[in-house]
2 protein chains.
Amino acid sequence: MQVITHIYMTDKKEKILKSALELFANEGVNATSTSKIAKIAGVSEGLIFRHFNNKKGLLNSIIESAEEKANDLFADILKQKDAKSVIKKTIDLPFLIKKSEYDYWKLQFKLKWEEEYNNPKKMQPLIEKLTWAFLELNYEKPSLEAQHLIQTFESISTEILKGNFSNQNEFKQFLKHKYSV
Amino acid sequence: MQVITHIYMTDKKEKILKSALELFANEGVNATSTSKIAKIAGVSEGLIFRHFNNKKGLLNSIIESAEEKANDLFADILKQKDAKSVIKKTIDLPFLIKKSEYDYWKLQFKLKWEEEYNNPKKMQPLIEKLTWAFLELNYEKPSLEAQHLIQTFESISTEILKGNFSNQNEFKQFLKHKYSV
DNA sequence: TATATATGTGAGTAATCACTTGCAAATATA
DNA sequence: TATATTTGCAAGTGATTACTCACATATATA
């Protein structure tokens, strides 16, 4: 057994989650069979269903922890008291994603194309915080500026996760200069 | 038989392509079985393989015509002689996508997450044209500006295709004002 | 008209799918 | 220690998968 935050989880259950995440993120949920997950995880296929009931239950379990990771990242921005810090940290956000967490984000971005899992409201707190920041800084259209910066954030994240973003630092500086932060 | 541009295509072949496009775009390639395509198209399953050899051949055939549609849209921008027109038309681009062609674009955007079908070079001509335009207008960092506008274009397209973009016109005006076009 | 080719069907195929079941071993609790 | 519960596996299940094949009909060409 191993301690995850404060919940105990068996090693094999963890291995299933880890293998499923990797396969779901890189090959797609539908293209990943439960037998393949079991094989990669080194467990019997039946164990997947013992722990997660069905394939969807496994996916939901992964999505849950992925959303936790997303909220952790947003939390830091939401608690900022300084308008410029909010914008600065939003620009930094996509460049801070750890390689070890790429699969979590890949899966989330991919699933946004599945109606069932696309929830644009998840960005709402960040949009509101940015709107406040742009208002504070006397931008003409604060909410549209917020919308635009979120779009930029999503595009940058997408490019990074797909592995085609060569001039990351240069572009980050460019953006910070644009917003004077 | 029916005439498509200058190539003859049987009605049933067309129906297969149409049904497959709809299903691939909305439910995903892996989640769409050839039997379901045949059922929706009102043909025998075997006919799919007669015309396209295998499922991948069918997908490739759809992708080909999707890329043609994309190139048609880009072509108009690439031939512009005026820098401001280039930027203006790029901003207009995502808002010009016809509802009847949503499925083509949905499929293209979804497939960008599959390594095999992700080809960032496809945007290169547009990036270069925009870089030229921003240089012409004396922007400090033309190529980064181009990269940024393309990102905005991709984000807007994505939001429109996912159906969560309520303030389209307002946002379009906002962008045009930002770039003074 | 005769014949070759293209278009179409329906009934197959083996492989794989998500999932179940019966039973054993490990662990927690009394 | 005795017993209940959890964790685990191997061998299944029927349904569905992408794809093939034999055969028929429609169309193009000689």
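So you know, we letter chains A, B, ... as the sequences are listed, proteins then strands, and number each from 1. What you are looking at is a predicted structure, and each value in this text was computed from that prediction instead of being measured.
Residue A:His51 places at least one side-chain N or O closer than 4.0 Å to OP1 or OP2 of D:dG8. Regarding contacts with the backbone of D:dT17, every side-chain N or O of B:Lys36 stays at 4.0 angstrom or more from both OP1 and OP2. Contact annotation: A:Lys55 reaches the phosphate of C:dA18 (side-chain N/O to OP1 or OP2, under 4.0 Å). Remark: A:Ser35 is in phosphate contact with C:dC17, judged by side-chain N or O atoms under 4.0 Å from OP1 or OP2. At the phosphate of D:dT16, neither OP1 nor OP2 sits under 4.0 Å from any side-chain N or O atom of B:Ser33.
Nearest nucleotide to the side chain of A:Asn54, out of C:dT9, D:dA18, C:dC19: C:dC19. Taking every side-chain heavy atom of B:Thr34 into account, D:dA18 is the closest of D:dC9, D:dA18, C:dC17.
When the P atom of D:dT17 is taken as reference, atom CD of B:Glu27 falls 12 Å away, rounded to whole Å. In this structure, the CD1 atom of A:Ile16 is 17 Å from the P atom of D:dT6, given to the nearest Å. Between the P atom of C:dG8 and the CD atom of B:Glu14 lies a distance of 11 Å, rounded to the nearest Å. Look at CG on A:Leu23: it is 12 Å from P on C:dC17, rounded to the nearest Å. A:Ile48 places its CD1 atom 13 Å from the C1' atom of D:dC9, with the value rounded to the nearest Å. Distance NZ (A:Lys56) to P (C:dC17): 19 Å, rounded to an integer number of Å. Counting to the nearest Å, the P atom of D:dC19 and the CG atom of B:Asn53 are 10 Å from each other. Taking atom CD1 on A:Ile37 and atom P on C:dT16, their separation rounds to 16 Å, with Å as the unit.
With sequence neighbours excluded, the residues forming a salt bridge (Lys or Arg N to Asp or Glu O under 4.0 Å) with B:Lys89 are B:Asp76, listed by chain and number. B:Phe174 is linked by a ring pair (Phe, Tyr, Trp, His ring centres under 6.0 Å) to B:Phe171, counting only residues two or more places apart in sequence or in another chain. Applying the salt bridge (Lys or Arg N to Asp or Glu O under 4.0 Å) test to B:Lys112 and every residue at least two apart in sequence or in another chain returns B:Glu154.
A distance of 11.0 Å separates CG in B:Leu93 from NZ in B:Lys172, rounded to the nearest 0.5 Å.
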List every contact pair, protein side and nucleotides 10-12 of chain C side both N or O, where the distance is under 3.5 Å.
none

Contact list (N/O, under 3.5 angstrom) for nucleotides 23-26 of chain D vs protein:
none

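In this structure, A:Lys13 reaches neither bases nor backbone, as no heavy-atom distance under 4.0 Å exists between it and the strands shown.
With hydrogens and angles ignored, the 3.5 Å screen pairs no side-chain donor or acceptor of B:Ser19 with any backbone N or O of B:Ile16.
Sequence neighbours left out, the pairs with a member in residues 125-144 of chain B that pass ring-ring contact (aromatic ring centres under 6.0 Å, His included) are B:Phe134-B:Tyr139, B:Phe134-B:Tyr179.
Taking the side chain as every heavy atom from C-beta outward, A:Thr158 and B:Thr158 never approach each other to under 4.5 Å.
Note that A:Lys110 lies outside the cation-pi zone of A:Tyr117, set by a 6.0 Å cut-off to the ring centre and a 45° limit from the axis.
The minimum heavy-atom distance between A:Ala70 and A:Gln108, with the atom names listed, is CB-NE2, 4.1 Å.
Applying side chain to side chain contact (heavy atoms under 4.5 Å, CB included) to B:Phe24 and the options B:Asn30, B:Asp103, B:Ile63, B:Ile37 leaves one that passes, B:Ile37.
Remark on DNA chain C: of its neighbouring residues A:Phe49 and B:Val43, the 5'-side contact belongs to B:Val43, judged by nearest-heavy-atom nucleotide.
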